[in-house]
Amino acid sequence: MSEKLDKHILGNGMVILGEPMEAVRSVAFGFMLPSGAARLPDGCGGAGNVISDWIFRGAGKRDKRELVEALDGLGLHRSSGVGSSYIMIGAALEADNLEPALELYADIILKPRLEKEQFELSRELAIQALLGLDDDPRGKVGLKLREQFYPQPLGKNPFGNENELNKLTAEKAGQIINHSFKPGQMIFSVAGKYDFDRVYRQLENLFGDNTRNGLQEVTPGQKGEQYVHEQHDGAQVHIGVMTATVPVSNKDYYDARTAVSVLSGGMSARLFTEVREKRGLCYAIGAQYHSLKEMAGIGCYAGTTPEKAQETLDVVLREFNRLTEGISKEEIETAKVKLKSTLIMESESSSSRAGGIASDYYLLGRVRLLSEIKEKIEERTVDSVLNFLKNNSFRDFTIVTIGPRDIKVRDKI
Amino acid sequence: MKFKQHILDNGLSIIGEVNKAAQSATVGFFVKTGSRDENRDINGVSHFLEHMLFKGTKRLSALAVNEAFDRTGAKFNAFTGEENTVYWAAVLPEYLSEVIKLWTELMRPALRKEDFDIEKNVIKEEIAMYQDLPHYDVTERCKALHFQGHPCGMSVTGTNESITNLKIEQMRDYFNRRYAPNNMVLACAGNFEWEQLCSLGRAGCSQWQKQDSGRSLESYSGSKEKKRDEKANLVREHICLFSPAVSAQDERRFAAMLMATIIGDDVGSRFFWEIVDKALAETATMQLEAMDGIGVFYSYIRCSPENDGKVTEAIEKIFEDINVKGITEEELQKAKNKILSLLTIRNELPMGRLIDLGINWLYLGKYRTVEEEIDSIKAVTVNNIEELIRQLKPGDFTRFSIGPPQNSKHID
């Protein structure tokens, strides 16, 4: 998704992508490392969080304090996240400091010190973060929903489980790093102010080894339960609902996105109007498109007090199903304007662009141009969206609730 | 970037920073009102009123408002705090005038009783939602403990009780007093035409009547009390600390911001090395909130109940060290680098500029360029910060924590 794209593939297969942005002084970059939750060996749930902390505890010639001080000295703002397929680590900073920052990140990825006593601290933090989820029912319901919705191991919770984290050893975590932090399997992206020739030459020096490794694809297994409730004596019932739709690579992708936008693109969209504005059932209500490479879903969240939970779920499901009954021309036009505006406004942030081009490349094997996406959105019509919905009606819903009371879910929704 | 300003006869400030290189524009109404301007009887009215502005005018229904915004593709919302209520929209330049007209119209809402009754449910759901967010819950309770009777200790959302008892007449009265043009700013940043903003502002807002909407600025010293509360559904200990800081008008706010970064940034700070790096807690951060005439530092730490004692010791030691030994030149330099790059990144987005523009105008009554902000940060010395530590004594804090019942154990 870009107007101009820089691309270079190193001899070992490492992909280097860039999107130049005029009028900015910052730059953002990210490395996608293939050790996301679904790619971890069995019994190593949560290792992604341990690894992404551990590699920052000393690398190359720097111990952990020297390393953090060097990163802070560059005024760099770190970001990291563990997804289904990849760990993403990156940063945003002032453009002048890009070169020394990449040098530090090469050390972090290729020469982490991986000291045993530091591993224990990283593991302890990962366990604490996992336990902390119990105090964040809204965050947890989203993770549990994906875990139930996607066939295992695709939807695995990146926080893992306490038992497996307790058993994880420094040796095992070290093996995962050695096995998956291979330059030939990485996607690097940069957006903002940079000189692409300099960037790829520097990366070639830092990451250009001769090993080529193909990535093993993950084989999806069993899907989870249709309905799961977790008891939590909080103030609200947190409801997650997810149903299947087409992934980004599918020809009908833009129809699916337009349909989601009709459902939940703005405050006049159907869910907000029916659930919150007309009935006052919730404060937080919304649906989002979510795609992995292999499959995709529309996920919906609603938080409500226990006595309103059943009605909330019923109204949400009715709105999903009502989409197929008809959509007005105005709704489609509003949905399209919303999708296009969001796209253009997101393109102003270097961090969101660096993430966007890398994710496009991973999901599609190429980066879409902004003009291409705009054109595809423009082409959507009431008929195209309704036809899509007719051929892809919402049959199965995966539902997760966390709260003081469960709700009734019919056998076949 | 070009700054422009125009003040209407009724006192409404119209300000803008034009950046023709931007792809979008942001516009907002900044109203100098929040929970601090309430009393117990109407606690939560500022925030509830913010919701009610989206319910439309005599001419527009709630649905018509939402449809009108959505037709422009705008990203729009509002937020209410202790001191300000801000309505904003980010939009492509071709739709901007439509959105300005809409906001201007909405600033004179119908405040219908039937909308008020339905929205009351939504507000109560929002209060319930925050009860399930321990970070938010503990911060609100620590704030109340710290400020005691001072109006800054009031809850932004109000309580279930105050919202249940609130009447539409009370809201209308509050609206008339607080949403006066002399208490509001219309601001715009990004790619837009200044003349157009002014003429839309004049057309939509000139007839609004000036009011006496002052705010009383009582000083306070902070209770320094320590309290803990138990909640059966929690598994972690959530700790919040409040201590007095400098105001948004105080020149020392840059030194105070750097001090909070040195002590409690999420990486590389004193909290990071002594608490998070040692895995005593998964989160430990400190921030400055510079407010109208006063200010606070607040910290949030989340840890296991078993580590509470160790974390408490570590915090005491950090503040003692900083009191006795001060800070180093290297620490200050790193903190400056982090804040400066954040400033650059944030200000590249029209939304980031809009907030700085509006907030500076509300508190200082003047425009500050990004370069001026950068210079103020660069000028801070180690001595400035050490002097501030002596004056403010950040180690003398109010503390509130919530966690599981103390004799219970976490069971998987």
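Each chain gets a letter, A, B and so on, in the order its sequence line appears, and its residues count up from 1. From a predicted model like this one, the values you see are computed outputs, not experimental measurements.
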Indicate yes or no: does [X] engage [Y] in a salt bridge with an N to O separation below 4.0 Å.
| X | Y | value |
| --- | --- | --- |
| Glu161(B) | Lys124(B) | no |
| Lys2(B) | Glu17(B) | no |
| Lys193(A) | Glu94(A) | no |
| Glu125(B) | Arg276(A) | no |

Assess the side chains of Gln333(B) and Glu329(B): does a donor N or O sit below 3.5 Å from an acceptor N or O? no
Which atoms of [X] are under 4.5 Å from chain B, going by heavy atoms: the side chain, the backbone, both sets, or neither?
| X | value |
| --- | --- |
| Arg57(A) | side chain |
| Ala269(A) | backbone |
| Gln236(A) | both |
| Leu339(A) | neither |
| Thr273(A) | side chain |
| Lys336(A) | neither |
| Leu121(A) | both |

Among Ser26(A), Ser268(A), Gly75(A), which has the most heavy-atom pairs under 4.5 Å with chain B? Ser268(A)
Looking at Met345(A), Glu120(A), Arg138(A), Met21(A), which one has more heavy-atom pairs under 4.5 Å with chain B than the rest? Met345(A)
I want to check a possible cation-pi pair here: Arg78(A) against Phe56(A), using under 6.0 Å from ring centre and within 45° of the ring axis as the test. yes
Chain A contact via Leu280(B) - side chain, backbone, both or neither, heavy atoms under 4.5 Å: backbone
Chain A contact via Lys231(B) - side chain, backbone, both or neither, heavy atoms under 4.5 Å: neither
Quick one: which of Tyr95(B), Trp88(B), Phe69(B) gives a ring-ring contact (aromatic ring centres under 6.0 Å, His included) with Phe76(B)? Phe69(B)
